[in-house]
Amino acid sequence: MIISYKPLKHLLIERNMSMNTLAKITGLSSATIAKINKSANINTEVLIRICVALKCDLTDIMRLEENEEQ
(Lines give C-alpha, C1' and ligand atoms only; values in the text may rest on other atoms or scores of the structure.)
Protein backbone atom coordinates (compact mmCIF):
# COMPACT_ATOMS: atom_id res chain seq x y z
CA MET A 1 0.00 0.00 0.00
CA ILE A 2 1.12 3.54 -0.73
CA ILE A 3 -0.16 6.94 0.34
CA SER A 4 -1.80 9.00 -2.37
CA TYR A 5 -2.38 12.73 -2.13
CA LYS A 6 -4.81 12.75 -5.07
CA PRO A 7 -7.68 13.79 -2.77
CA LEU A 8 -5.67 16.89 -1.78
CA LYS A 9 -5.12 17.77 -5.41
CA HIS A 10 -8.85 17.40 -6.14
CA LEU A 11 -9.72 19.48 -3.08
CA LEU A 12 -7.40 22.25 -4.23
CA ILE A 13 -9.01 22.22 -7.68
CA GLU A 14 -12.48 22.43 -6.11
CA ARG A 15 -11.34 25.42 -4.07
CA ASN A 16 -9.58 27.03 -7.02
CA MET A 17 -6.28 26.95 -5.13
CA SER A 18 -2.80 26.11 -6.36
CA MET A 19 -0.09 24.17 -4.58
CA ASN A 20 1.86 27.44 -4.38
CA THR A 21 -1.02 29.07 -2.53
CA LEU A 22 -1.23 26.07 -0.21
CA ALA A 23 2.49 26.41 0.47
CA LYS A 24 2.07 30.09 1.32
CA ILE A 25 -0.83 29.65 3.73
CA THR A 26 0.74 26.65 5.48
CA GLY A 27 4.41 27.67 5.36
CA LEU A 28 5.35 24.48 3.51
CA SER A 29 8.71 24.35 1.78
CA SER A 30 9.13 23.64 -1.92
CA ALA A 31 10.73 20.32 -0.91
CA THR A 32 7.57 19.29 0.94
CA ILE A 33 5.40 20.30 -2.02
CA ALA A 34 7.63 18.16 -4.23
CA LYS A 35 7.15 15.22 -1.85
CA ILE A 36 3.39 15.65 -2.04
CA ASN A 37 3.54 15.73 -5.84
CA LYS A 38 5.57 12.50 -5.81
CA SER A 39 3.26 10.87 -3.22
CA ALA A 40 6.25 10.47 -0.91
CA ASN A 41 6.00 10.23 2.86
CA ILE A 42 5.59 13.49 4.70
CA ASN A 43 5.52 14.29 8.39
CA THR A 44 2.19 14.05 10.21
CA GLU A 45 2.75 17.60 11.48
CA VAL A 46 2.63 18.76 7.85
CA LEU A 47 -0.59 16.82 7.24
CA ILE A 48 -2.15 18.48 10.27
CA ARG A 49 -1.05 21.94 9.09
CA ILE A 50 -2.70 21.28 5.73
CA CYS A 51 -5.91 20.07 7.38
CA VAL A 52 -6.06 23.10 9.68
CA ALA A 53 -5.46 25.52 6.80
CA LEU A 54 -8.07 23.86 4.59
CA LYS A 55 -10.48 23.12 7.46
CA CYS A 56 -10.72 19.48 6.50
CA ASP A 57 -9.94 15.96 7.72
CA LEU A 58 -7.00 13.70 6.87
CA THR A 59 -9.25 11.55 4.69
CA ASP A 60 -9.99 14.65 2.60
CA ILE A 61 -6.33 15.02 1.60
CA MET A 62 -4.92 11.49 1.43
CA ARG A 63 -5.82 7.84 0.91
CA LEU A 64 -4.16 4.45 0.73
CA GLU A 65 -3.82 2.82 -2.67
CA GLU A 66 -2.50 -0.49 -3.86
CA ASN A 67 1.16 -0.34 -4.80
CA GLU A 68 1.38 -0.79 -8.58
CA GLU A 69 4.73 -2.58 -8.24
CA GLN A 70 3.25 -5.51 -6.32
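We find the CE-CD1 distance between Met19 and Ile33 to be 4.5 Å, quoted to the nearest 0.5 Å. Here the OH-CZ distance, from Tyr5 to Arg63, works out to 12.5 Å after rounding to the nearest 0.5 Å. Rounded to the nearest 0.5 angstrom, Thr32 OG1 and Ile50 CD1 are separated by 8.5 Å.
Ala53 and Ile25 make their closest contact through CB-CD1, 4.0 Å (heavy atoms, listed as atom of the first residue, atom of the second, distance). Considering every non-hydrogen atom in both Lys9 and Ile36, the closest pair reads NZ-O, 4.0 Å. When all heavy atoms of Leu58 and Cys51 are compared, the pair lying nearest together is N-SG, 3.6 Å. The two residues Met17 and Leu54 have their closest heavy-atom pair at SD-CD2, 3.8 Å. Heavy-atom minimum distance, Ile61 versus Leu47: CD1-O, 3.9 Å.
Among the candidates Leu12, Leu11, Ile13, the single residue satisfying the side-chain contact (heavy atoms from CB on, under 4.5 Å) test with Arg15 is Leu11.
Not a single side-chain hydrogen bond (donor to acceptor under 3.5 Å, both in side chains) links Thr26 to another residue, sequence neighbours left out.
The closest side-chain heavy-atom distance from Ile2 to Leu64 is not below 4.5 Å. Side chains of Met62 and Lys6 form no contact here, defined as non-hydrogen atoms less than 4.5 Å apart.
Ile3 and Leu8 fall within the same hydrophobic cluster, defined by Ile, Leu, Val, Met, Phe, Trp and Tyr side-chain heavy atoms under 4.5 Å apart, directly or through other members.
Pairs passing the side-chain hydrogen bond (donor to acceptor under 3.5 Å, both in side chains) check and including a residue from residues 37-57, sequence neighbours excluded, read Asp57-Thr59.
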